[in-house]
**Student:** 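The structure that follows is given in the form of structure tokens.
Below, read A as the first sequence line, B as the second, and so on, with proteins coming before strands; counting in each chain starts at 1.
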2 protein chains.
Amino acid sequence: MPIVDAVADIYKALADGTRRALLDELVERDEQTLFELCSRLALKHDLTLTRQAVSQHLDILEAAGLVEAERRGRYKFHTIDTRPLAEIAERWPTRKADA
Amino acid sequence: MPIVDAVADIYKALADGTRRALLDELVERDEQTLFELCSRLALKHDLTLTRQAVSQHLDILEAAGLVEAERRGRYKFHTIDTRPLAEIAERWPTRKADA
DNA sequence: TTGACAGGCAAGTCGATGCTTGCCTATTGT
DNA sequence: ACAATAGGCAAGCATCGACTTGCCTGTCAA
């Protein structure tokens with residue numbers, strides 16, 4: 001996958017509110033499973049999605065390089081990687097509209 | 001418009017490659033008109049869109065607070081405002097996946 | 001071994017979104 | 001005044017994206 005597409009994936013990944021909520025949860029605690037993240041979305045964010053929907057979101061986050069997943073036995077643990085986000089801040093240097 | 005929705009608009013605005021290219025152009029030079037931006041997209045980014053399409057993108061960027069527009073006579077000048085982007089970097093503090 | 005649990009795959013639905021087309025308004029210069 | 005220029009509005013289309021439903025695979029414990 002070309003770099004350009006990978007970068008585009010980061011922005012698309014952040015475009016969805018549910019995925020941003022997932023990143024919020026993963027920043028609070030690493031190594032969470034799909035079921036853990038499902039229940040946390042429901043409890044703390046009032047997002048009642050099916051397990052598959054959350055799984056698809058995690059796939060997108062993983063493709064964008066924002067989440068790493070590791071399977072251990074029956075469980076799959078998800079961890080956030082915030083490094084790709086630095087590119088966003090650096091792309092458009094600070095420039096204020098007025099003054 | 002609630003703050004939450006405004007923040008969501010920032011991410012949605014960045015999700016489109018054409019809009020990111022527009023921000024790239026505006027970071028290089030402020031106070032550009034719709035026609036200027038159209039030709040620059042075509043020349044430098046190989047994006048041949050109609051004037052209306054670019055105008056719609058600028059509307060979205062403006063709604064997200066990333067672009068300010070000022071009408072002077074026959075022309076409308078567009079200026080980038082990078083301040084909303086700071087929120088993105090601050091939302092998910094640095095946390096590396098390994099080590 | 002077998003049932004329960006964690007997760008994966010794939011198709012289908014439906015609303016959101018990017019873009020075009022056609023026409024209209026406003027400002028400027030001759 | 002009127003033609004040319006810069007921009008705006010709105011409807012229509014076609015693709016994309018989020019979500020669900022139904023079923024399958026793999027792992028662990030009793």
**Student:** Looking at the side chain of B:Asp16, which of C:dG7, D:dT20, C:dG18 is the nearest nucleotide?
**Tutor:**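 Of C:dG7, D:dT20, C:dG18, C:dG18 is nearest to the side chain of B:Asp16.
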**Student:** Please give, in whole Å, the distance from C:dC19 P to B:Asp59 CG?
**Tutor:** 13 Å
**Student:** Considering only side-chain heavy atoms of B:His57, which listed nucleotide, C:dT20, C:dG18, D:dG7, is closest?
**Tutor:**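 Minimum distance to the B:His57 side chain belongs to C:dG18.
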**Student:** Does the side-chain contact (heavy atoms from CB on, under 4.5 Å) test come out yes or no for A:Arg51 and A:Leu34, once each step is laid out?
**Tutor:** CA-CA 7 Å; A:Arg51 176 181 53 85; A:Leu34 175 58; 3.5 Å; yes
**Student:** Strictly below 4.0 Å: does B:Thr33 bring a side-chain N or O up to OP1 or OP2 of D:dA6?
**Tutor:**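 It does not, given that no N or O in the side chain of B:Thr33 lies less than 4.0 Å from OP1 or OP2 of D:dA6.
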**Student:** Of all the choices, D:dC19, D:dG7, C:dC19, which nucleotide is nearest to the side chain of A:Ala53 once you look at every atom?
**Tutor:**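 For A:Ala53, the side-chain atoms sit closest to D:dC19.
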**Student:** Atom CG of A:Leu37 and atom C1' of C:dG7: how far apart are they, to the nearest Å?
**Tutor:** 13 Å
**Student:** In whole Å, what is the span from the CD atom of A:Glu70 to the C1' atom of C:dA6?
**Tutor:** 16 Å
**Student:** Which pair of heavy atoms, one from A:Arg72 and one from A:Phe77, lies closest together, and at what distance?
**Tutor:** NH2-CD1, 3.5 Å
**Student:** Grab the two heavy atoms, one from B:Pro93 and one from A:Thr82, that are nearest each other, plus how far apart they are.
**Tutor:**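 Looking at all heavy atoms of both residues, the closest pair is O-CG2, 3.4 Å.
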**Student:** With a 4.5 Å heavy-atom cut-off, do B:Arg19 and B:Leu14 have their side chains touching?
**Tutor:**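 In short, these two side chains do not touch, never coming nearer than 4.5 Å.
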**Student:** Any side-chain heavy atom of A:Ile80 sitting closer than 4.5 Å to one from A:Leu66?
**Tutor:** no
**Student:** Passes side-chain contact (heavy atoms from CB on, under 4.5 Å), A:His78 versus A:Leu26? Steps please.
**Tutor:** CA-CA 8 Å; A:His78 300 271; A:Leu26 287 173; 4.2 Å; yes
**Student:** Measure the distance from CG on B:Leu14 to P on C:dT17 and round it to the nearest whole Å.
**Tutor:** 14 Å
**Student:** Compare all side-chain heavy atoms of B:Ile88 with those of B:Leu85 and state whether any distance is below 4.5 angstrom.
**Tutor:** yes
**Student:** Rounding to an integer number of Å, can you tell me how far B:Glu36 CD sits from D:dT5 P?
**Tutor:**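 After rounding, the reported distance stands at 16 Å.
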**Student:** OP1, OP2 of C:dG8 versus side-chain N and O of A:Lys76: anything below 4.0 Å?
**Tutor:**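 Checking A:Lys76 against C:dG8: at least one side-chain N or O falls below 4.0 Å of OP1 or OP2.
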**Student:** Is the phosphate of C:dG7, meaning OP1 or OP2, less than 4.0 Å from a side-chain N or O of A:Ser55?
**Tutor:**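 False: A:Ser55 side-chain N/O out of range (4.0 Å or more) of C:dG7 OP1/OP2.
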**Student:** How would nucleotides 23-30 of chain D be written as a contact map, 5' to 3', with B for base contact, S for sugar-phosphate-only contact and - for no contact, using protein heavy atoms under 4.0 Å?
**Tutor:** ---BBS--
**Student:** Once you round it to whole Å, what is the distance between C1' of C:dT17 and CG of B:Leu49?
**Tutor:** 14 Å
**Student:** For B:Ile60, which contact category applies under a 4.0 Å heavy-atom criterion: base, sugar-phosphate, or nothing?
**Tutor:**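 Here B:Ile60 touches the backbone only, sparing every base.
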**Student:** Is there a donor and acceptor pair closer than 3.5 Å between the side chain of B:Gln56 and the base of C:dT17?
**Tutor:** no
**Student:** What is the distance, rounded to the nearest whole Å, between atom NZ of B:Lys12 and atom C1' of D:dG17?
**Tutor:** 10 Å
**Student:** Taking atom C1' of C:dT27 as reference, at what distance in whole Å does atom CG of B:Leu34 sit?
**Tutor:**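 My rounded result for the distance is 15 Å.
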